[in-house]
Each structure stands twice: as C-alpha cells, then as structure tokens.
There are 2 protein chains.
Amino acid sequence: MLISTRGRYALRILIDMAEHNSNKYIKLKEIAERQEISEKYLESIVKELVNHHIVVGLRGKGGGYKLSKAPDEINVGEVLRFMEGSLAPVACLEDNSTPCPKAPFCRTLDFWRGLDQIIRNYTDSFTISDLVKTEEAGNDYVI
Amino acid sequence: MLISTRGRYALRILIDMAEHNSNKYIKLKEIAERQEISEKYLESIVKELVNHHIVVGLRGKGGGYKLSKAPDEINVGEVLRFMEGSLAPVACLEDNSTPCPKAPFCRTLDFWRGLDQIIRNYTDSFTISDLVKTEEAGNDYVI
DNA sequence: CGTTTTACCTATTATATCAGTATGTTAATA
DNA sequence: TATTAACATACTGATATAATAGGTAAAACG
C-alpha cells in the first residue's frame, strides 16, 4: 500500500516551490539540493507536473520552474492520483479498468469501494498550502 | 497503493469458509476450486492465517481448515495488515521503522499520519461477517 | 500395517515495477 | 555565440509479486 517516491517527491517539490515562491523561476538543481534528491530523477517527476499544468518551465539562464497556480488551488489528491497512476486499493476500481465479470457476486467490492472513497475524500481535502510551513510550526516537535 | 493478491485472497478464503461453515474441516482444494485460485498459492496464504490463529488445520482424510473463531470476531484490518506486512502509506509509519531524522521538519508527516489513521479506522470497522453474503443481497446488482 | 489423503515445508522462477542513471537535444538569456 | 537550464529518450540494477515444483509429516481408513 506504499505511496511511491514519485508521489511523495512530487509533493515535496510543490511544497518547496510554494515555500520559495517569489514569482521567479526556480532551478531544479536548487530544489534537488534542498530536498536531497537526485536532480535527474526529479526531472522525470517535474515533467509530469508540467504535463498536468501544475507547474510551468522556462529554459535557459534565469529559467527553471514555477507553480502555475496558487498553492491553495493545487489539490493533493489530484497530484497523488496522476503521479501514482491511481490511488485505488484494487485494480477493478481504477479508471479505465475492464469491468469485472464477478462484480455482481463479489463479497468484497463494497468494502473496497468504501476504502477507495475515504482515501479519495481525505486526500482531496488537502491543498499544497495546507502542507506548507506556517510560522515556526515545523519546530514544535523539537524540545 | 494496490492491495496485493495475498491480502485479497486471504479475505476471499475467510469469507468462503464463513459461508460454508458447518463446523467441519474444509479442504483447501474445495476453496481453490470455488475461488478459482491455484491451490498451491493458497497454501502459502493459509499458512499465515494459521500462524496468526485465524484458522486451524487438520491433516489426513476428513481434514482441512476451519475458522478458529466466529466470523464476527475476525477483524478485516488486522488480517490485511499482517498479510500485507503493513497498510501504512509511507515506510516511516510502519511498525519497527527506524525513526526518520527529518521528521521534526517534515511537511508531509501529519498528512500521511492522517491518511494512515483513516485507513486504519475504516478497515478495523469491518469483520468477516460484514462481508459474508446475507440472504440474496449479492444479487441485488443484477437487474 | 500400509495406503490414501490432506496439511505442511522448502526451494526456485518468470515477470514487472521501482528508482534511478546516462547521454543528448532544444530553447532562452547575456 | 557561449552559457544555462529545461526537455527528451534510452538504459539498468535491485526488489517484490505471484506464482510453481517437489517433497515430508500426520491423520484416517480398510
């Protein structure tokens, strides 16, 4: 049931961009260094964020990436869903899945539907701005 | 985020046993035929159910497996958790995980904790008896 | 007693996905 | 025209999944 690095890193990229948001383009190299993730690997992840119009890229000097909308307009569930392909717990609940012939007799289908729904509701209730550091909240854990 | 066949098949085995519960031992071959799953593969799954005292086995003629407790005493979340190893969405929330040094600054930890919790609450709210066919409910889907 | 039956035990394997690396190309700026 | 940084494509090692194969132990039956 683990969320892969693609989904997790995508959130970290977006949070990083939201926290360093100055309307300028941010180099991927900067993000990679701050987040301690391979720049090359991040490229493949940012590519998807660009394809889904969550961020925009600009090439050349002074280029980089920036958010294409406000952090509170970027839905966490949506991002996770396209980065992971799906968040459904079983294949038959994924989009574009071929209808299961056993569905009419399936004892577990409603259980899985319910699980799928609560995951959907929960993840959809967050935006990137909900995950961004506010004041010094992040240090409350330190004694 | 997919639940593997081990978790799904385990539920199907338990539901099958609950529906054919006559206090007698049921041969794995029967279950394998009804569920259309390889008997050999089911063996490795039932083994875990035996280890966790959910079912008991008896060898020889007239042997097989039966539930070691009533269906309404078998918790779905518990079964899924030990069959899957864990249902946590991120490794740092799994049992016995080494503490993450970044936890104090992690922007996403609370989000993942919340997700883990709703999955836990939901799956723990079901028992096998909730999944068993009641009357002809399973055919309600058929027009 | 010995044959059948069925659970139990220990490898081995094909396939796919994950997580990343490597190398090169295009476009924007200075 | 050189530099910068995004964009594109191909490849790779490791790991997990979903099984299969082949055997051993114990309970019943005749």
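In the text below, chain A, chain B and the rest are named by the order of the sequence lines, each starting its count at 1.
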Can you list everything that forms a salt bridge (charged side-chain N to carboxylate O under 4.0 Å, His left out) with [X]? Sequence neighbours excluded, please.
X	value
A/Glu94	none
A/Glu43	A/Lys40
A/Asp72	none

**Request:** Determine the sole option in B/Ile13, B/Val46, B/Ile26 for which the side-chain contact (heavy atoms from CB on, under 4.5 Å) test with B/Val55 is passed.
**Result:** B/Val46
**Item:** Pairs touching residues 42-72 of chain B that satisfy ring pair (Phe, Tyr, Trp, His ring centres under 6.0 Å), sequence neighbours left out
**Value:**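 Qualifying pairs, neighbours excluded: B/His52-B/Phe82.
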Has [X] got a side-chain atom pairing as donor or acceptor with [Y]'s backbone, closer than 3.5 angstrom?
X	Y	result
B/Arg107	A/Ile15	no
A/Glu84	A/Gly7	yes
B/Asn21	B/Asn23	yes
B/Thr127	B/Asn75	no

**Message:** Below 4.0 Å from chain A heavy atoms, what is the first contacting nucleotide of DNA chain C and what is the last?
**Reply:** C/dA19 to C/dT29
**Asked** To which residues is A/Val56 joined in a hydrophobic cluster, defined by side-chain heavy-atom contacts under 4.5 Å among Ile, Leu, Val, Met, Phe, Trp and Tyr, whether direct or through other members?
**Response**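 Listed partners: A/Tyr25, A/Leu58.
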**Prompt:** Of the residues in residues 12-27 of chain A, which ones touch DNA chain D at a heavy-atom distance under 4.0 Å?
**Reply:**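 Within this stretch, A/Ile26, A/Lys27 sit under 4.0 Å of the strand.
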**Asked** What string of B, S and - do you get for nucleotides 17-30 of chain D 5' to 3' if you count protein non-hydrogen atoms under 4.0 Å?
**Response** -BBB-BB-BSBSS-
**Prompt:** Which pair of non-hydrogen atoms, one from B/Asp110 and one from A/Tyr122, has the smallest distance, and what is that distance?
**Reply:**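 So the two residues come closest at O-OH, 3.9 Å.
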**Request:** Check each residue of residues 89-97 of chain B for a non-hydrogen atom within less than 4.0 Å of any atom in DNA chain C, then write out the ones that pass by number, or none.
**Result:** none
**Message:** What I want to find out is whether A/Arg34 reaches A/Glu19 closely enough, with some N-O distance under 4.0 Å, to be called a salt bridge.
**Reply:**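 Salt bridge absent between A/Arg34 and A/Glu19.
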**Message:** Let me check the geometry of the helix from C/dC1-D/dG30 to C/dA30-D/dT1. What is the bend angle between the axes at its two ends, five pairs each, to 10°?
**Reply:**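 For the helix from C/dC1-D/dG30 to C/dA30-D/dT1, the axes at opposite ends meet at about 10°.
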**Message:** For A/Glu33, give me all partners under side chain to side chain contact (heavy atoms under 4.5 Å, CB included), at least two apart in sequence or on another chain.
**Reply:**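 Residues passing side chain to side chain contact (heavy atoms under 4.5 Å, CB included) with A/Glu33: A/Lys29.
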**Request:** Could you tell me whether B/Lys24 atom NZ has more than 12 heavy atoms of other residues or ligands within 6.0 Å of it?
**Result:** no
**Message:** Please enumerate all residues that pass side chain to side chain donor-acceptor pair (under 3.5 Å) together with B/Arg8, with sequence neighbours excluded.
**Reply:**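 Not a single residue meets the side chain to side chain donor-acceptor pair (under 3.5 Å) criterion with B/Arg8.
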